[in-house]
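The block underneath contains the structure these notes are about, expressed in C-alpha cells.
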Amino acid sequence: MSETLSALSALSTTGTSKPELLAPAGSMESLTAAVRCGADAVYIGGKRFSARSNAANFSDNELEEAAGYCRLHGVKLYRAMNTVVFPEETNDFLSEAEKSAAAGIDGLIVQDLGMARLLREVLPDMKLNASTQMAIHTAEGARLARELGFSRVVAARELSVKELEKIIATGVETEVFIHGALCMSVSGQCYMSAMIGSRSANRGLCAQACRLPFGGDYDLSLKDLCGISHIKALADMGAASFKIEGRMKRPEYVAAAVAACRAALDGGEPDLDILRSVFSRSGFTDGYLTGKLGRDMFGCRTKEDVAAAGAALPKLRETYRRETKAKDGAADFYLRMERNKPVRLDMTCRGITVSAEGACPEEAVNRPADIEYLRCRLDRLGDTVYTLGSLTADTEDGLTVSAAAVNALRREAAGKMNEAIISAAKSAKSPKPSERNLKTVPALSELIPEKRGTPKKIRIRLYRAEQLSVLNSDGLAEEFAVPPELLEKLTEDIIEKLSERLIAALPRFTADESAFAARLEVLQRSGLKRVLCTNIAHIGIGRKLGFEMSGGFGLNITNPWSALAAKDLGMSDITASFECRFGQLAAVRGVLPTGAIVYGRLPLMLTRNCPLKGKRECGNCPGSISDRTGRTFPIVCSNGTSEIFNCVPLMVTDKAEKLHADFYELDFTEESPAEIKRITDCLRHSEKALESGYTGGLYSRGVE
C-alpha cells in the first residue's frame with residue numbers, strides 16, 4: 001500500500017523585500033521572547049567589549065546556546081562588540097571575535113576603526129555592521145563606512161526621515177532605530193559619564209548622569225523614541241533593518257516592542273498602549289524623525305510609569321511562554337514499514353534529511369496503520385519549531401505500529417534535525433579565518449617604531465570671533481584650528497598668509513552635507529588647505545576637495561590600529577581620544593604624528609536638541625546648565641547642534657611631557673586673547689596654567 005498526503009503547508013518566510021526586524025537581548029529569556037514574538041534577527045553582547053556592559057550579557061556557553069536557538073528558528077544573530085579598544089586589549093578583542101565566528105554569529109557590530117581593520121584581516125568573511133557609536137549621519141559617512149569594509153551602517157538616532165532617505169539612497173545597507181531609549185547626546189560623542197565618574201559610555205559603562213535633574217528639571221533626559229508610525233515610509237525607502245533599543249530592559253519589554261513593530265511591518269495594528277505601559281518616560285517621541293525638535297521631546301521615568309509596567313508584565317509573559325514555529329520549519333516525512341524490518345522515519349527540512357529507526361512492525365489485529373493514523377501521530381510537533389509539510393508512507397499490507405512507537409520516532413527525528421540544522425548552519429555561517437590569523441597579528445612593538453624625539457608643536461583651537469585676533473600673534477602657536485563660520489569672517493589675505501598653519505575645525509554633526517561642502521570650496525578658493533575631520537563623513541569630503549586632513553578627537557582613536565586606519569584614509573596626523581591614560585596614549589603614537597589635548601573645557605555632550613530649547617528664547621539664553629550640586633556647564637550652539645562643556649577646564653600644561661605626544665592641543669572656548677597667550681606661554685614653560693578650578697582629566701585615572 002502506498003499513499004501520499006500533503007499535510008500542513010510551510011509557514012511563509014519573510015520576503016526578501018521586507019526589512020529585517022532586529023530585537024535586543026540582554027539575556028537568554030529576552031532572546032526567546034524576541035524570537036517567539038516575531039523578530040527576524042537579534043543582537044546581543046558578550047561579557048566584554050559591549051556598549052551595554054551593564055546588561056546581563058552572554059557567556060561563551062550562552063553565546064553558543066543563543067546561536068543554536070536562533071538557527072533553529074531561522075533568525076539571525078549579531079554580536080555587539082562596539083566599544084573603543086585600548087592597545088593592551090587587542091588580542092582579547094580578536095579572541096572574542098573568533099569565538100563569535102566559531103559559534104556561527106551572523107555579524108559583528110563594531111565602533112573602533114582599528115578593530116574593524118583587524119577583523120577584515122583576521123576574519124575576512126565576517127559581516128561587519130558600523131555601530132551607531134560611529135555617529136554616521138550623512139551619505140558621505142555611509143560611503144566611507146562601506147570603504148572601511150562595513151556591510152551595514154547603523155544610522156545615528158538623531159536623524160529625520162528625510163535625512164535617513166539620503167543615507168538609504170547611497171545603496172549602503174541601512175539599519176534604523178525604530179523604538180527605544182534616546183540618549184541626549186549623539187552616540188559615540190558623549191563623555192559626561194567618563195569625565196564625572198570615569199565610567200565611559202564608549203566603553204559600555206555609562207552611569208546615565210543625564211537622567212538625573214539638570215537645570216532644575218530633567219533637561220538632559222529625552223522620552224523614548226517610538227517611530228513605529230514611520231515604519232512603512234522608511235520600508236518603502238529601502239531601509240534594510242529596523243532596530244529596537246533595549247539590551248538592558250526586561251524580556252517583557254522586548255516582547256511588547258517586537259510584537260508592536262511586527263504588527264506594523266506586516267500591515268497590522270500595533271498595540272502601543274501596552275508598549276507604553278511596559279516602559280516609557282512620560283510617553284514617547286518621534287521628534288527626531290519628524291524634525292520637530294523641542295520641549296515635547298523631554299521626559300523622565302515617573303512613579304506612574306513604573307506602576308503601569310507592573311500591571312502589564314503578567315500578560316506580556318504569556319506572549320512568549322510557549323515555543324513558536326520556525327519561519328522555515330515545514331518538515332516533510334517519509335515512513336517505510338516492511339515485515340521483519342525496523343520501521344524507518346525520514347525527516348527533511350531546509351534541505352537536510354535525518355532518519356530514525358524503531359522496532360519491527362506488528363501484524364494488525366483490527367485496522368492496519370494507514371496515512372491518516374500516521375499523520376495524526378506525526379503532526380504532534382507542538383513542542384518543536386517544526387510543522388508537518390508532506391507525509392509519504394510506504395507500508396506493506398496488514399501491518400501496524402503502536403502510537404507510542406511512532407511518537408518515539410517523531411521525537412528522535414526532531415531531535416536529530418535540531419542537531420543537524422545547528423551543525424549545518426554553524427558550518428555555513430562560521431567565517432573561515434584567513435592565513436593572517438590571531439597568532440600572526442603583529443605585536444605593538446613591531447607596529448610602533450622606536451619613539452622619536454621631535455620638537456613639540458602647539459595647535460590652538462578657537463571657538464569665538466573675539467579670539468581671532470590671536471592669529472596675528474607671532475610665535476604663539478604653529479597651528480590654529482578654527483570653525484568654518486569663523487574662517488568666513490577672515491579676509492582672503494589672512495587665510496592666504498596662514499594657509500600652512502590654518503585648519504578648518506569641522507563640526508562633529510553636519511545636517512546639510514552638500515551646503516557644507518560648498519562652503520568649504522569657497523574657503524578653499526580663499527587659500528584654505530587643511531581640515532580637521534571629527535567624523536568619518538568629513539574624510540570623504542576632504543578627499544574629494546583635495547584638503548590635507550587631520551583627525552580630531554571625535555574619531556575616538558584609542559589604539560595604534562585605529563591610527564593605522566586613519567593613515568590608510570589619508571590623515572596626516574591625529575588627536576588621540578582624551579579617554580586614554582598617559583601610557584595608552586603613548587602606545588597610539590608612532591603610526592602617525594599624534595596630538596593630545598592639554599588644556600580646555602572638554603565637550604561632555606553633542607546634541608541636536610538644545611536642553612534649554614523651549615525654556616528660554618535664544619537671545620535670552622544663559623548659555624549654561626546646572627546640575628543638582630550647583631555645578632555649571634557651559635553650552636555653545638552652532639551648526640544646528642549644542643555642545644555641553646565640562647564645568648571646569650582640563651589643565652595638564654605642567655605635565656604635558658608625560659603624554660609623549662607629537663603636538664599639544666589647547667582648546668579655548670571662552671578665554672580672552674590675553675588668557676590664550678598666558679596659558680600657551682605656561683605650556684611652553686611646563687608650568688601650571690591654573691592653580692585651582694581645573695581637572696587633570698582622564699590621563700591619570702583613566703576610564704573603566
Side-chain angles (χ1 to χ4, degrees), residues 84 87 112-114 117 144 148 444 447-462 476-484 487 498-508 520 523-524 528-543 545-580 582 584-600 602-603 650 652 656-668 680 683-684 699:
V84 295
D112 192 290
L113 294 176
R117 187 183 191 280
L144 224 294
L148 288 166
L444 291 177
L447 179 67
I448 303 175
E450 186 176 346
K451 297 297 184 292
R452 55 188 183 276
T454 57
K456 300 297 188 294
K457 288 193 304 184
I458 292 177
R459 177 181 294 172
I460 287 178
R461 186 168 181 174
L462 305 176
L476 180 64
E478 285 74 21
E479 297 173 345
F480 295 94
V482 183
L487 290 175
L498 297 173
S499 61
E500 301 299 328
R501 302 164 58 198
L502 208 55
I503 308 171
L506 308 186
R508 286 180 286 155
L520 287 179
L523 288 169
Q524 187 178 47
L528 182 70
K529 295 181 178 179
R530 303 176 63 186
V531 292
L532 180 64
C533 301
T534 55
N535 184 278
I536 65 167
H538 300 152
I539 298 169
I541 296 173
R543 290 195 306 201
L545 297 179
F547 282 111
E548 179 183 342
M549 297 180 293
S550 298
F553 73 84
L555 297 179
N556 291 322
I557 293 176
T558 59
N559 59 70
W561 308 103
S562 292
L564 203 55
K567 184 178 182 180
D568 293 342
L569 291 169
M571 300 290 104
S572 60
D573 60 54
I574 53 171
T575 299
S577 168
F578 51 77
E579 292 190 321
C580 291
F582 282 120
Q584 291 165 337
L585 197 147
V588 174
R589 180 193 173 209
V591 177
L592 276 177
T594 301
I597 300 173
V598 298
Y599 177 86
L602 296 177
L650 166 74
V652 290
E657 285 294 328
K658 293 178 66 175
L659 292 166
H660 302 287
D662 296 299
F663 63 90
Y664 302 132
E665 181 178 320
L666 301 105
D667 293 353
F668 296 111
T680 306
L683 171 62
R684 289 197 181 279
Y699 294 134

- Point-to-point distance, once rounded to the nearest 0.5 Å, from CG of L650 to CG of D667: 9.0 Å

- Item | Beyond-backbone contact of I458 with L666, side-chain heavy atoms, under 4.5 angstrom | yes

- State, yes or no, whether a side-chain contact exists between R589 and L659 at a heavy-atom distance under 4.5 Å. no

- Can you tell if the side chain of V588 reaches within under 4.5 Å of the side chain of T558, non-hydrogen atoms only? no

- Scanning both residues in full, the closest heavy-atom pair of T594 with L592 reads OG1-O, 2.8 Å

- Query: At what distance, to the nearest 0.5 angstrom, does CG of L528 lie from CZ of F547?
  - Reply: 4.5 Å

- Does the side chain of P484 reach to within under 4.5 Å of the side chain of L523, using non-hydrogen atoms? yes

- Query: Within the distance-only criterion (no hydrogens, no angle test), does the side chain of H538 pair as donor or acceptor with the backbone N or O of R508 below 3.5 angstrom?
  - Reply: no

- Validation row: M549, R543 side chains within 4.5 angstrom (heavy atoms): yes

- Message: Before you tell me yes or no, could you show the steps for I541 and V531 under side chain to side chain contact (heavy atoms under 4.5 Å, CB included), namely the whole-Å CA-CA distance, both residues' side-chain angles and the distance that decides it to 0.1 Å?
- Response: CA-CA 10 Å; I541 296 173; V531 292; over 6 Å; no

- Message: Could you check whether any side-chain N or O of R684 sits under 3.5 Å from a backbone N or O of L476, counting only pairs where one atom can act as donor and the other as acceptor?
- Response: yes

- From the list T534, I536, L569, I574, side chain to side chain contact (heavy atoms under 4.5 Å, CB included) partner of L555 resolves to I536

- Message: To check you understand the geometry: which heavy-atom pair defines the closest contact between P593 and D662, and what is its length?
- Response: CA-OD2, 3.2 Å

- Query: Taking C-beta and beyond as the side chain, do V652 and K658 meet within less than 4.5 Å on heavy atoms?
  - Reply: no

- Do F553 and L602 come close enough that some side-chain heavy atom pair is under 4.5 Å? no

- Enter the distance from N556:CG to E579:CD here, rounded to the nearest 0.5 Å. 6.5 Å

- Task: Could you tell me whether the side chain of Q584 reaches within less than 4.5 Å of the side chain of Y699, counting heavy atoms only?
- Result: no

- Query: Rounded to the nearest 0.5 Å, what separation is found between the CD1 atom of I557 and the CE atom of M571?
  - Reply: 8.5 Å

- Task: Any chance you could measure I460, atom CD1, to E478, atom CD, to the nearest 0.5 Å?
- Result: 9.0 Å

- Task: Test L683 against K456 for side chain to side chain contact (heavy atoms under 4.5 Å, CB included), laying out the working first.
- Result: CA-CA 11 Å; L683 171 62; K456 300 297 188 294; over 6 Å; no

- Between G540 and L144, the two heavy atoms sitting closest are N-CD2, 3.8 Å

- Task: Mind checking the OH-CD1 spacing from Y664 to I597? Nearest 0.5 Å is all I need.
- Result: 14.0 Å

- Which pair of heavy atoms, one from S562 and one from D112, lies closest together, and at what distance? OG-OD1, 2.8 Å

- Sub-3.5 Å donor-acceptor pair from the side chain of E665 to the main-chain atoms of T575, do we have one? no

- Item | Heavy-atom pair of closest approach, residues G551 and L532 | C-CD1, 3.9 Å

- Message: Regarding E479 and K529, does a basic nitrogen lie under 4.0 Å from an acidic carboxylate oxygen?
- Response: no

- Is it true that Y599 and F668 have ring centroids separated by less than 6.0 Å? yes

- Query: Taking R501 for the side chain and A477 for the main chain, is one N or O donor matched with an acceptor at less than 3.5 Å?
  - Reply: yes

- Query: Side chains of S550 and D573: do they bring a donor and an acceptor to under 3.5 Å?
  - Reply: yes

